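A short worksheet on the structure shown next.
The shown structure was predicted, so the numbers you read here are calculated from the model rather than taken from an experiment. Note on naming: letters A, B, ... go to the chains in the order of the sequence lines (proteins, then strands), and numbering restarts at 1 for each one.
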Amino acid sequence: MDEKVIHEMMSAFAAGCMDKENYINFKNYIDSQGELPYRELGELQNLTAMVPLILELELPDIKLKDRIAKKLIGMQDEIKAKIKERKTKTRSTKEKAVIPPETELPHKAKITKDILTETFERTTDKKQKTLSKEKKKEPKRFSHLLLWIGFILIAVLLGGLSYYFYNSSKSLNTEILNLKNEVTSLQEEILSNKDFLSNYNSLIEFFSYKDIAVIDLIPAEENSPSSGKLFITYAQLKGLLEMNNIPALPTEQVYQLWIVTNGVSYSIGTFSPSVKERYFEIQQMPYISKEDLELVRLTIEPRDGSPTPQGQTFLYGVVVQPRTRRR
Amino acid sequence: MSKYKEFTDVELLKSISKFDSRALEELYDRYSCILYTLTKKIAPDQETTENILVDVFSIIWKKAEKLDFEKASVFTWLISLARNKAIDVVRRSRSSEMKLDPYDDKYENYFIVPTLSSEIDSLDLESAVKFTPKVERALSKLTDAQKYVIHLAFYEGYTLDEIADKLNIPIDTVRSKILTALNIFKDNLAVG
């Protein structure tokens, strides 16, 4: 090749102004290590690369770095594939190196002892370095192991403590709840006792009188759970009405108690019992003789009461006089 | 201070070839300025400039191992890479009506990733920057015609025949002018 043409080609190649065909030819020539003044080509390449140094330098936008970083992140799969490919290549190269030189390269010159020792020494040295590095790593591994064991123990301990505290607080909560329930039931008991006392106080007091007659009141309707009693002391002209399971009435209605003697009904009083109230004192009973009392009725009347029984009879009690007496 | 700041350009490229992102970041901090300025000089607009630079650093990330680390001129490799990429973009936009080679990995390896001489002297950014005043003086001594030819070839991406066509001179003259311009530049640089 003409030397001048070679130089021109190298200049054009270095300046990057070769047409495609010439570029391919020249690149292939270089790749095949064709004869060329490579030092001179290198100088020309370094020279042309220095041309932009005279430009007034500008800084790129700060965001450009982020854009590049994002692009690289997007290339992760490609890079992973590249790494994998490289590893495969390295492995296949190593496998090739394991093949005995006699079988792989029978025509090549034999390796001399000097080269072999030199290679061995270099490899042994390398191996020694690798071994010493591994030895240095061992205590680190051991300390790592200890660290892990310690970590696991702490985790177990913490877990146990948490479980213990959880259980303790759970049992304490249950205990508190039980105590609360107990307090509530005691309160209820006190209340019921109070109710009992308030309910039965009238009854107890009433029984301090003498000559008491008791008239049982039964429901007018069959299957009704309601019942009652009328306690009368003829000596004191006082009474006590006991009412059990009496349904509450609408506000415009009341229960009215009547005693019937000789066919005439006398009003004893009106009552609006609540659920808790069982006993109603009757401070003044009309004068009646014991023998004349025939019937006791509890009727449902308007709120202000009625002069004569007009409403539905709710409870009643028939007084049975002893025949001997009546005679 | 990051250990990468202490790395030479070759060491950085070696680390990048092992996909060390911190090394690439350091390389970006060192070279982004010169590569951006060069790309901006070639590319038609800001957006294209930035896209090219993003692509250049992606190529560096993927193909750093293609640099011969034994005889490495990192500065020349990077400048050539950025220049090749930018010129390729400009040429593609210029010859939109012509049949274009598909831009794939094979094309990139062949036409974009630089092929440097096996006997090139090592040159890094720090050394190259020291040459700047000399380079300025050496280039200033070229004739306008020589400067223009280098400008058309290096920054505009015209080929020898395109320059010949543009300047309406024989292609032999263009070849000769490029050779002469580079030789004078080299001599002037040596003189200082």
Side-chain angles (χ1 to χ4, degrees), chain A residues 4-5 7-20 22-24 26-28 30-31 33 36-61 63-65 67-76 78-80 82-83 86, chain B residues 19 21 24-25 28 32-34 36-38 40-41 49-50 53-55 57-58 61-62 65 73 75-76 79-80 83-84 87 110-111 114-121 123 128-129 131-132 135-136 139 150 152-154 157-163 175-176 178-179 181-183 185-186 189:
Chain A
K4 197 192 170 209
V5 177
H7 281 93
E8 282 176 352
M9 279 179 82
M10 287 196 305
S11 306
F13 185 77
C17 57
M18 265 186 169
D19 60 85
K20 191 178 165 188
N22 278 313
Y23 174 86
I24 291 169
F26 195 73
K27 184 176 160 56
N28 287 344
I30 292 175
D31 287 345
Q33 294 171 327
L36 270 182
Y38 284 101
R39 187 156 187 82
E40 203 176 320
L41 176 66
E43 276 178 4
L44 286 171
Q45 286 181 314
N46 275 343
L47 203 67
T48 46
M50 281 196 280
V51 170
L53 284 173
I54 62 159
L55 297 173
E56 201 175 319
L57 295 178
E58 286 181 63
L59 277 170
D61 190 323
K63 287 175 189 165
L64 200 65
K65 201 174 179 180
R67 271 187 66 193
I68 291 168
K70 275 179 193 167
K71 177 142 190 195
L72 299 192
I73 290 164
M75 285 161 58
Q76 269 180 343
E78 197 183 334
I79 298 301
K80 275 178 193 168
K82 221 172 166 63
I83 293 168
R86 265 193 215 171
Chain B
F19 303 109
S21 58
L24 186 76
E25 195 180 352
Y28 179 88
S32 60
C33 199
I34 180 80
Y36 175 75
T37 308
L38 166 65
K40 197 176 176 186
K41 177 86 177 168
T49 304
E50 291 185 354
L53 206 61
V54 170
D55 287 342
F57 276 93
S58 307
W61 183 239
K62 283 189 291 183
E65 93 276 1
S73 176
F75 177 81
T76 305
I79 293 286
S80 306
R83 189 238 165 223
N84 290 351
I87 292 295
Y110 208 87
F111 291 101
T115 304
L116 296 187
S117 164
S118 55
E119 290 181 30
I120 194 166
D121 286 332
L123 184 67
V129 168
F131 275 106
T132 307
V135 172
E136 275 176 356
L139 283 173
I150 285 182
L152 288 175
F154 195 79
Y158 287 112
T159 57
L160 292 171
D161 49 340
E162 283 169 338
I163 295 170
R175 281 205 294 256
S176 173
I178 299 273
L179 174 64
L182 288 183
N183 278 337
F185 178 34
K186 189 172 77 173
L189 200 65

- Message: When you measure from the centre of the six-membered ring of B:Tyr28, is the NZ or CZ of A:Lys65 closer than 6.0 Å and no more than 45° off the axis?
- Response: no
- Item | Beyond-backbone contact of B:Ser73 with A:Asn46, side-chain heavy atoms, under 4.5 angstrom | yes
- Specify the closest pair of heavy atoms between B:Ile178 and A:Ala15, including all atoms of both residues, with the distance to one decimal. CG2-CB, 4.3 Å
- Side chain, backbone, both or neither of B:Lys41 within contact of chain A (heavy atoms, under 4.5 Å): side chain
- Evaluate the side-chain contact (heavy atoms from CB on, under 4.5 Å) criterion for residues A:Tyr38 and B:Ile120: first the C-alpha distance (whole Å), next the side-chain angles of each, then the deciding distance (0.1 Å), finally the verdict. CA-CA 7 Å; A:Tyr38 284 101; B:Ile120 194 166; over 6 Å; no
- Query: A:Asp31 and B:Thr115: side chain to side chain donor-acceptor pair (under 3.5 Å), yes or no, with the steps?
  - Reply: CA-CA 8 Å; A:Asp31 287 345; B:Thr115 304; 4.9 Å; no
- Query: With a 4.5 Å limit on heavy-atom distance, are the side chains of B:Tyr36 and A:Leu59 in contact?
  - Reply: no
- Against chain A, label B:Ile87 side chain, backbone, both or neither, depending on which of its atoms sit under 4.5 Å from a heavy atom there. neither
- Item | Portion of B:Leu24 that has a non-hydrogen atom of chain A nearer than 4.5 angstrom | side chain
- Okay, B:Ser32 and chain A: the region with an atom under 4.5 Å from a heavy atom over there is both
- Task: Name the region of B:Ser176, side chain, backbone, both or neither, that has any atom closer than 4.5 Å to a heavy atom of chain A.
- Result: both
- Residues two or more places apart in sequence or in another chain: which of them pass salt bridge (Lys or Arg N to Asp or Glu O under 4.0 Å) with B:Asp121? A:Arg39
- Task: Tell me, please, which residues at least two apart from A:Lys70 pass salt bridge (Lys or Arg N to Asp or Glu O under 4.0 Å).
- Result: none
- Query: Which atoms of A:Glu78 come close to chain B, meaning under 4.5 Å heavy atom to heavy atom: side chain ones, backbone ones, both, or neither?
  - Reply: side chain
